[in-house]
K.L.:
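Sharing a structure, written as structure tokens. Questions coming.
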Amino acid sequence: MRLAVFLSEYKEPAMLERLKAEKLGIVLVQNGVYHAAVKKDGKVSPVLSKDVEYYALSEDLQSRGFSDSDVVDGKVKVINYEGLVDLIFNDYEKTIWL
Amino acid sequence: MRLAVFLSEYKEPAMLERLKAEKLGIVLVQNGVYHAAVKKDGKVSPVLSKDVEYYALSEDLQSRGFSDSDVVDGKVKVINYEGLVDLIFNDYEKTIWL
Amino acid sequence: MGKLTIGCFSSLVGSMSLDFAIKLSEAAVKKGHEVDLWLSGNGTMLGKKGQGKFRDYSYLMGTVKELINSGKFKITNCEACAKARGIGREDTEEGFGIASMDWYLASAFGTDRVLHIGGE
Amino acid sequence: MGKLTIGCFSSLVGSMSLDFAIKLSEAAVKKGHEVDLWLSGNGTMLGKKGQGKFRDYSYLMGTVKELINSGKFKITNCEACAKARGIGREDTEEGFGIASMDWYLASAFGTDRVLHIGGE
Amino acid sequence: MAIKKIAFIVEKLPYKSETSRLALTHAIASQTVEIHLEDGDNVEPVLIFVGEGVLNCLKEQKALDMYGVTSLEMHIKNALLLDLKVLVCKEDLDTFGLTEDSIVMDAEEIGGEVTTEVVPYDEIQKNLESADHLMFF
Amino acid sequence: MAIKKIAFIVEKLPYKSETSRLALTHAIASQTVEIHLEDGDNVEPVLIFVGEGVLNCLKEQKALDMYGVTSLEMHIKNALLLDLKVLVCKEDLDTFGLTEDSIVMDAEEIGGEVTTEVVPYDEIQKNLESADHLMFF
């Protein structure tokens with residue numbers, strides 16, 4: 001399956017380790033964007049250590065004081081709500097909001 | 001100070017490690033009672049590893065399928081709402097709800 | 001063009017999940033998609049009449065009304081969840097449906113994508 | 001006998017924190033203490049008129065009314081928080097106060113114990 | 001004529017929030033969804049308890065006595081009574097030292113015929129894959 | 001004549017929930033509490049940001065543009081404008097690699113005179129001890 005996992009909080013949900021999918025995307029929204037925008041003790045969030053697609057919502061980055069270019073890891077693609085709509089319809093079949 | 005810390009969730013809040021008090025009590029309520037009632041991978045919750053007073057709310061244990069005697073560590077005193085009132089007025093001066 | 005069913009179980013004001021659901025609906029409708037939005041749990045607060053518009057709290061009713069007027073957006077409150085909170089038909093803004101939980105499953109049956117946003 | 005000020009910022013039904021606050025108030029009043037209960041954030045939903053009484057959702061109004069009648073219990077909604085959610089005076093059950101946030105601080109000033117229960 | 005499979009996945013604890021309760025009531029609503037659909041169309045729900053969510057399945061929950069709200073235990077029995085498929089993750093039960101004796105396995109006393117299935121996570125993953133839509137509570 | 005000190009401790013992140021915003025608005029309400037009290041009595045608030053809560057203090061929050069809600073940044077500036085004591089935990093800023101440059105340190109542009117104080121956790125602990133009541137948001 002092609003699965004988009006929405007992560008809305010700044011923690012590492014146990015479920016994230018378990019989910020398998022042919023194509024897996026992790027969409028950082030709301031407080032999930034901190035995974036993309038800050039390092040803790042100098043380290044990038046463990047959430048970003050998987051070999052999957054990553055996205056972060058621009059509106060939620062900006063609300064919290066970050067610009068799109070503040071993203072700490074180049075593999076995270078910054079998208080806006082319009083991009084998110086395309087992602088949901090074109091790139092993935094199923095979604096899970098953690 | 002004499003400080004009662006209410007723990008209402010089944011996780012280990014970072015703040016718990018930091019708080020210092022002459023007399024510290026940890027009151028397990030709501031989903032905090034799981035710390036007192038279940039072991040994870042055979043181990044008692046790290047929340048119970050401090051040298052402080054522990055209490056668990058009987059009504060919240062029972063709601064979740066535990067009896068008062070299911071508490072996994074003898075140092076946790078099971079109390080009801082009436083006991084909690086006495087605790088707040090007689091044994092502690094300040095409270096924090098984590 | 002497709003159809004997206006969103007379920008939002010999070011509260012108004014107390015959480016930003018409803019803001020997220022409405023912004024996503026807006027972007028989808030703008031692109032020509034249809035959206036069904038199911039409100040359950042504290043999400044049912046969104047339809048309450050008479051919400052004050054303060055800058056410290058998000059106010060979504062303006063956008064919701066525009067979405068309803070687009071003809072491509074259906075928004076429905078879970079009847080029991082709303083009623084448990086004292087929100088009946090007379091308390092609910094026009095344009096909001098009120099239905100039992102099978103409405104959400106029926107929408108999910110006939111849709112292309114489901115985004116289920118759980119409660120707090 | 002003492003006075004306990006409880007602030008509850010958690011939602012009705014969506015969370016059990018309001019149930020906790022009411023049960024604690026009940027136990028305190030039964031022991032002869034006074035209780036001030038401040039409702040802010042989603043906690044303001046507690047005072048909404050017309051809440052349905054279903055067994056799947058907690059229904060606290062009966063106990064709240066008994067507490068109010070005891071004369072040892074004051075319950076007050078945060079005005080802005082309630083209004084942002086569309087809950088004005090006319091939507092609020094009798095016996096509930098409506099005040100700005102300084103009411104809570106004033107209560108905390110003159111009380112023996114404060115239990116502040118945060119939001120979700 | 002189509003059947004759409006929806007997986008209701010419960011990973012949250014009961015009571016603190018309303019989430020796991022709403023998973024149950026929404027899954028049970030599949031019993032009446034036909035009235036909205038064409039002849040022969042239907043929704044097939046599967047209820048899945050994983051992670052800390054398995055603690056929803058404990059027996060002897062006294063929530064009704066203590067707080068006047070229906071227990072999750074009773075909701076699960078209702079789901080079984082209505083022949084819903086209920087899966088509980090074996091590994092997660094093990095984590096909490098729980099066995100089939102500790103959890104709601106049937107609804108016999110109210111006339112239920114199907115039983116809870118304790119399955120390895122792999123089986124749950126298969127159900128996520130075969131479902132048309134996922135609702136994660 | 002008495003002064004009661006209340007500590008408003010913010011440990012939650014902004015925006016996902018309303019909690020940290022309500023900490024600010026309640027702390028600021030101390031400005032008008034006198035009307036409820038006897039002459040000379042007053043409440044002295046101290047606002048404390050610890051743990052992940054320090055992320056509420058970041059500059060350049062565009063919440064108003066994006067979602068139409070006042071940013072936490074603006075609330076903190078209001079608190080400083082009203083001469084509230086604002087403490088931010090140094091160790092927690094370090095954890096996130098933040099410095100005084102990254103956070104709201106003053107409200108000069110709206111006429112504020114006091115500044116945010118970045119202090120070690122020990123100092124925060126002392127404030128918890130000297131406070132009459134604690135409100136943990």
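First the proteins, then the strands, lettered A, B, ... as listed; each starts at 1.
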K.L.:
Where on C/F9 is there a heavy atom nearer than 4.5 Å to chain E: the side chain, the backbone, both, or neither?
P.N.:
side chain
K.L.:
So if I take each residue of residues 85-96 of chain E and look for any heavy atom under 4.5 Å from a heavy atom in chain C, which residues do I end up with?
P.N.:
none
K.L.:
At their closest point, which heavy atom of E/V33 faces which heavy atom of C/A106, and how far apart are they?
P.N.:
CG2-N, 3.5 Å
K.L.:
Looking at every heavy atom in both C/G41 and E/L22, which two are closest together, and how far apart are they?
P.N.:
CA-CD1, 3.7 Å
K.L.:
Could you name each residue pair satisfying ring pair (Phe, Tyr, Trp, His ring centres under 6.0 Å) that touches residues 98-126 of chain E, not counting sequence neighbours?
P.N.:
none
K.L.:
Every donor-acceptor pair from chain E to chain C under 3.5 Å, please, each on its own line.
P.N.:
residue: E/K4; atom: NZ; partner: C/F109; partner atom: O; Å: 2.8
residue: E/S17; atom: OG; partner: C/E120; partner atom: O; Å: 3.3
residue: E/E18; atom: OE1; partner: C/R85; partner atom: NH2; Å: 2.7
residue: E/H26; atom: NE2; partner: C/W38; partner atom: NE1; Å: 3.0
residue: E/T32; atom: OG1; partner: C/D102; partner atom: OD2; Å: 2.6
residue: E/H36; atom: NE2; partner: C/D102; partner atom: OD1; Å: 3.0
residue: E/H133; atom: NE2; partner: C/A108; partner atom: O; Å: 3.1

K.L.:
Could you give the distance from CE (C/M101) to CD1 (E/I28), rounded to the nearest 0.5 Å?
P.N.:
9.5 Å
K.L.:
As an exercise: rank C/G118, C/A108, C/C81 by heavy-atom pairs under 4.5 Å with chain E and give me the winner.
P.N.:
C/A108
K.L.:
Are any of the side-chain heavy atoms of C/L105 and E/P45 separated by less than 4.5 Å?
P.N.:
no
K.L.:
Under a 4.5 Å heavy-atom cutoff, which of C/L115, C/I117, C/V114 has the most pairs with chain E?
P.N.:
C/V114
K.L.:
Could you tell me which residues satisfy side-chain hydrogen bond (donor to acceptor under 3.5 Å, both in side chains) with E/E109, sequence neighbours excluded, listed by chain and number?
P.N.:
E/K77
K.L.:
Where on E/A23 is there a heavy atom nearer than 4.5 Å to chain C: the side chain, the backbone, both, or neither?
P.N.:
neither
